[in-house]
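Everything on this sheet refers to the single structure shown next.
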Amino acid sequence: MSVPLGVAVVGFGWMGRVHTQAYARVAHHFPQLALRPELVTVAEEVPGRAEQAAQQYGFASAVRDWREVAADPRVGAVSVTAPNFLHREIGVAMALAGKHLWIEKPVGLTADDARAVADAVAKAGVQGTVGFNYRNAPAVEAARDLIAAGDIGAVTHVRIRLFSDYAAHPDGALTWRYERERGGSGVLGDLASHGADLARFLLGEITSLTADTAVFVPERARPTGTTAGHTLATGGEPGPVENEDYVSALLRFASGARGVLEACRVSVGEQNSYGFAVHGTRGAVFWDFRRMNELGVSRGTTYQDQPVSTVYVGPGAGEFGAFQPGAANAMGYDDLKVIEAYRFLRSIAEGTPYGATLTDAVRGAAVLDAMARSVESGTWVDVPTA
């Protein structure tokens with residue numbers, strides 16, 4: 001018999017909706033869960049948005065101020081899906097109020113922000129899960145197992161790409177995402193944070209790197225009204241884009257492997273083109289998010305002209321079996337967040353972390369901070385591991 005757990009969502013843009021739907025679905029896919037999430041309250045400062053969310057999804061109440069959530073005794077766990085610049089303040093407050101925390105990456109604007117939230121979670125003795133959803137893909141977990149088993153030999157190098165066109169339109173509104181103070185490091189926090197997590201998840205710690213960044217759309221129009229997602233805006237006062245559209249980095253891993261990480265939010269012709277290619281001394285493994293349930297695998301002893309096979313992951317990979325009965329039945333993006341919700345709730349029930357933690361967020365943010373330092377100095381820089 002599952003025990004009810006009151007949950008809240010703070011910030012109700014697209015990601016707030018995704019978290020809410022994950023809570024609603026999680027018991028359908030994981031009936032063995034000891035906890036059953038109940039939608040208690042939603043907080044959103046945009047007038048009317050919280051009330052609309054409550055009506056559509058069944059939250060018991062709706063508020064404008066997230067501080068009311070922190071003080072609400074009905075709430076045992078909170079999803080923080082507000083803009084990046086609010087992550088530290090909200091995350092620390094929720095943890096110290098005794099709320100378990102499911103917080104979206106990159107957990108603030110810097111590694112110091114992520115560390116502050118991690119320290120609050122540790123001090124309060126609550127569980128903390130971070131929204132690095134791509135590591136939850138069963139094919140990615142299968143790739144990690146394959147690499148760890150030595151099926152492709154010793155890893156020599158990896159290439160990770162995250163290309164998107166969500167900011168490619170020159171009429172894209174100048175929202176908080178493009179401001180240094182509120183959006184932080186642009187594509188570094190938005191996309192490269194996922195790349196850094198995938199790199200660490202697959203290959204271990206990054207010890208040093210050198211990076212380059214660029215802004216390709218230097219000016220945008222300020223919106224004249226409320227925005228959501230990647231809204232277009234024309235006629236507003238123009239303003240400068242303060243953070244990066246593009247980043248590339250050369251990586252060195254503790255294992256001795258080398259890597260390339262490249263991310264761009266203005267890649268015309270690319271829609272969610274995310275993936276990796278990991279090469280080893282005896283083979284390689286390839287993954288493309290747009291073919292999320294497939295792996296390209298090359299292994300054997302041929303070396304030269306060795307073929308690549310397409311492998312369709314099935315119920316033996318990660319949490320695939322909770323969604324589909326056999327290989328080549330497709331899973332989608334929202335399913336990855338259901339897996340994330342399951343691991344968050346399981347962490348709370350068992351008192352043991354499952355999935356991406358605040359430690360992962362701190363170490364990933366340290367990689368992003370190192371990229372920023374490298375751009376400033378024009379040199380290789382070390383990545384702290386503590």
Side-chain angles (χ1 to χ4, degrees), residues 132-163 191-192 194-211 248-264 267 269-321 323-333 335-336 339 367 380 383:
F132 290 124
N133 42 267
Y134 298 109
R135 65 156 60 192
N136 297 326
V140 173
E141 294 186 299
R144 187 194 195 201
D145 291 344
L146 183 151
I147 293 165
D151 284 13
I152 63 170
V155 173
T156 55
H157 59 102
V158 59
R159 180 178 291 272
I160 298 173
R161 74 179 190 285
L162 297 109
F163 296 152
L191 294 180
H194 282 300
D197 184 67
L198 282 172
R200 293 185 56 253
F201 183 70
L202 294 169
L203 303 185
E205 297 301 337
I206 298 166
T207 57
S208 62
L209 58 81
T210 185
S248 61
L250 300 178
L251 313 174
R252 292 174 179 165
F253 292 84
S255 66
R258 298 298 194 261
V260 176
L261 190 160
E262 193 176 16
C264 185
S267 295
E270 299 277 16
Q271 297 85 38
N272 298 324
S273 178
Y274 309 152
F276 56 75
V278 182
H279 294 266
T281 53
R282 294 200 311 272
V285 59
F286 309 90
W287 180 72
D288 186 328
F289 169 65
R290 296 169 300 181
R291 303 174 71 93
M292 194 176 80
N293 307 290
E294 301 176 17
L295 285 177
V297 180
S298 177
R299 51 188 164 187
T301 57
T302 305
Y303 300 102
Q304 187 177 2
D305 299 328
Q306 184 163 283
V308 177
S309 300
T310 298
V311 176
Y312 298 97
V313 298
E319 307 294 349
F320 187 95
F323 297 85
Q324 298 295 347
N329 286 287
M331 290 176 60
Y333 176 90
D335 296 332
L336 303 184
I339 293 172
V367 174
W380 283 85
V383 180

Which atom of [X] lies closest to which atom of [Y], heavy atoms considered:
{"X": "Asn329", "Y": "Gly326", "value": "ND2-O, 2.8 Å"}
{"X": "Tyr333", "Y": "Asn133", "value": "CE1-ND2, 3.5 Å"}
{"X": "Val155", "Y": "Val278", "value": "CG1-CG1, 3.8 Å"}
{"X": "Leu191", "Y": "Cys264", "value": "CD1-O, 3.6 Å"}

May I ask you to test the Phe163-Asn272 pair for a side-chain heavy-atom distance under 4.5 Å?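 In short, these two side chains do not touch, never coming nearer than 4.5 Å.
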Could you label the plane-to-plane angle of the His157 and His279 rings as parallel, tilted or perpendicular, counting under 30° as parallel and over 60° as perpendicular?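 Rings of His157 and His279: parallel, as their planes differ by under 30°.
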Looking at [X] and [Y], would you say the former's side chain and the latter's main chain have a donor-acceptor pair under 3.5 Å?
{"X": "Thr302", "Y": "Gln304", "value": "no"}
{"X": "Thr210", "Y": "Leu250", "value": "no"}
{"X": "Arg144", "Y": "Phe201", "value": "yes"}
{"X": "Gln324", "Y": "Gly314", "value": "no"}

Do you see a donor-acceptor pair shorter than 3.5 Å between the side chains of Thr310 and Glu294?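 Absent: no donor and acceptor within the cut-off.
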In plain terms, say whether Arg135 and Glu141 are close enough for a salt bridge, that is, a side-chain N and a carboxylate O under 4.0 Å apart.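 Between Glu141 and Arg135 there is no salt bridge, as every charged N stays at least 4.0 Å from the carboxylate O atoms.
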Which residues share a salt bridge (Lys or Arg N to Asp or Glu O under 4.0 Å) with Asp288, sequence neighbours left out: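 Salt bridge (Lys or Arg N to Asp or Glu O under 4.0 Å) check on Asp288 returns Arg161, Arg290.
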Would you please indicate yes or no on a ring centroid separation below 6.0 angstrom for Phe276 and Phe286?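 No, the ring of Phe286 stays outside the 6.0 Å limit from the ring of Phe276, centre to centre.
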